[in-house]
There are 2 protein chains.
Amino acid sequence: MGVHDAMYVLGGKWKIYIITALLFGSKRYSELLRDVQGISGKVLSRELKEMETNRLVKRTVSVTQPVTVTYELTEYGKSAKSIIGVLSEWGETHRNLIVIDEPL
Amino acid sequence: MGVHDAMYVLGGKWKIYIITALLFGSKRYSELLRDVQGISGKVLSRELKEMETNRLVKRTVSVTQPVTVTYELTEYGKSAKSIIGVLSEWGETHRNLIVIDEPL
DNA sequence: CTGTATCCTGATTGATACTG
DNA sequence: CAGTATCAATCAGGATACAG
């Protein structure tokens, strides 16, 4: 069952959102930090490292002053677009059914 | 963006697997405990309760001796099949690219 | 059988300060 | 700018015992 593989690579709280943020082009670390709502620097760099390991994103360092680092989706990463698409569509059409948990 | 709604309902470690387990028919609590690999009783009942709140599953109690409780997907829950399908297909075709994290 | 309550431990996270 | 190191705090999860 490939579901498990997909969950291994995309699972967790953040990767889907990081991919979404990179869907329309490369971004720098600081831009991702701003665009991925609520993520902290530590977690962002860890997630990006994992995604780089799994070849979802490509990291490019420009030796300017100061250095700039950009992240972009690989072809593999871009292929996850199909998943984002289905998630988005499903979430959209079923939005009205969601119940927000009342804190006690 | 509906992605967030979908993540709210389906996110976390277990819901996708629970839905997968229920895809071909209703199951009892103890069957789910066996079929959803690695989940504990506490977590399973919590997840099922959340999914019932969000109308992904329907819970039915049969007053036998002892009681039996069955869970089945609602139409809404069944509609998540499209997501499982895409995840499965994507995971399948990209399985060879995955890198398993070496523990230190 | 189907859960809930309690306790406990290890993993995850946020904040802050710091490095190159 | 782009991270890493450290520490404290939180949280999620397992095991067990117990209730309906």
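A, B, ... follow the sequence lines: proteins, then strands. Residue 1 opens every chain. Only this structure's heavy atoms are used, side chains among them; waters, hydrogens and symmetry mates stay out. It should be emphasised that the depicted structure is a prediction, and the values quoted were computed from it without experimental measurement.
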Requested in this report: May I have the distance from A/W14 (atom CH2) to C/dG14 (atom P), rounded to whole angstrom?
Outcome: 7 Å
Query raised in the report: OP1 or OP2 of D/dT4 less than 4.0 angstrom from a side-chain nitrogen or oxygen of A/S45, does that happen here?
Result: yes
Query - Whole-Å gap separating C1' (D/dA2) and NZ (A/K27) - result: 17 Å
Query - Pairs flagged by side-chain hydrogen bond (donor to acceptor under 3.5 Å, both in side chains) wherever residues 21-30 of chain B is involved - sequence neighbours left out - result: B/K27-B/D35
Report summary line: From the candidates D/dG3, C/dT13, D/dC1, the one with an atom nearest any side-chain atom of A/Y29 is D/dG3
Report summary line: Per atom distances to the A/R59 side chain, the nearest of D/dA2, C/dG3, C/dG14 is D/dA2
Query raised in the report: Given D/dG13, is OP1 or OP2 found less than 4.0 Å from the side-chain N or O atoms of B/R46?
Result: yes
Query raised in the report: So A/Y76 and B/H94, would you call those rings parallel, tilted or perpendicular, with 30° and 60° as cut-offs?
Result: tilted
Report summary line: The answer to which of A/T68 and A/K42 contacts DNA chain D further toward the 5' end, by nearest nucleotide, is A/T68
Report task. Could you tell me the separation between the CZ atom of B/R28 and the P atom of C/dG3, rounded to a whole number of Å? Result -> 10 Å
Requested in this report: Scan B/G38 against the nucleic acid and name what it touches under 4.0 Å (heavy atoms): base, sugar-phosphate only, or nothing.
Outcome: sugar-phosphate
Query - Whole angstrom value for the distance that separates P of C/dG3 from CG of B/L44 - result: 8 Å
Query raised in the report: Nearest of D/dG3, D/dG13, D/dT6 to any side-chain atom of A/Y71?
Result: D/dG3
Query raised in the report: Closer to the 5' end of DNA chain D via nearest nucleotide, is it B/K13 or A/S30?
Result: A/S30
Query raised in the report: Of the nucleotides D/dG20, C/dG14, C/dT6, which has the atom closest to the B/V67 side chain?
Result: D/dG20
Query - Between C1' of D/dG3 and CD1 of A/I39, the distance in whole Å - result: 14 Å
Query - Donor + acceptor pair across side chains of B/W90, A/S82 (<3.5 Å) - result: no
Query - Length of the NZ-C1' vector between B/K49 and C/dT2, whole Å - result: 11 Å
Query raised in the report: 5'-most contact on DNA chain C: A/P66 or A/E47, nearest heavy atom basis?
Result: A/E47
Query raised in the report: How many Å lie between CG on B/L48 and C1' on C/dC1, as a whole number?
Result: 15 Å
Query - Working for side-chain contact (heavy atoms from CB on, under 4.5 Å), residues B/I19 and B/M51 - result: CA-CA 10 Å; B/I19 293 175; B/M51 293 169 77; 3.6 Å; yes
Requested in this report: Fit a plane to each ring of A/Y17 and B/H4, take the angle between them on a 0 to 90° scale, and name the class: parallel (under 30°), tilted (30 to 60°) or perpendicular (over 60°).
Outcome: tilted
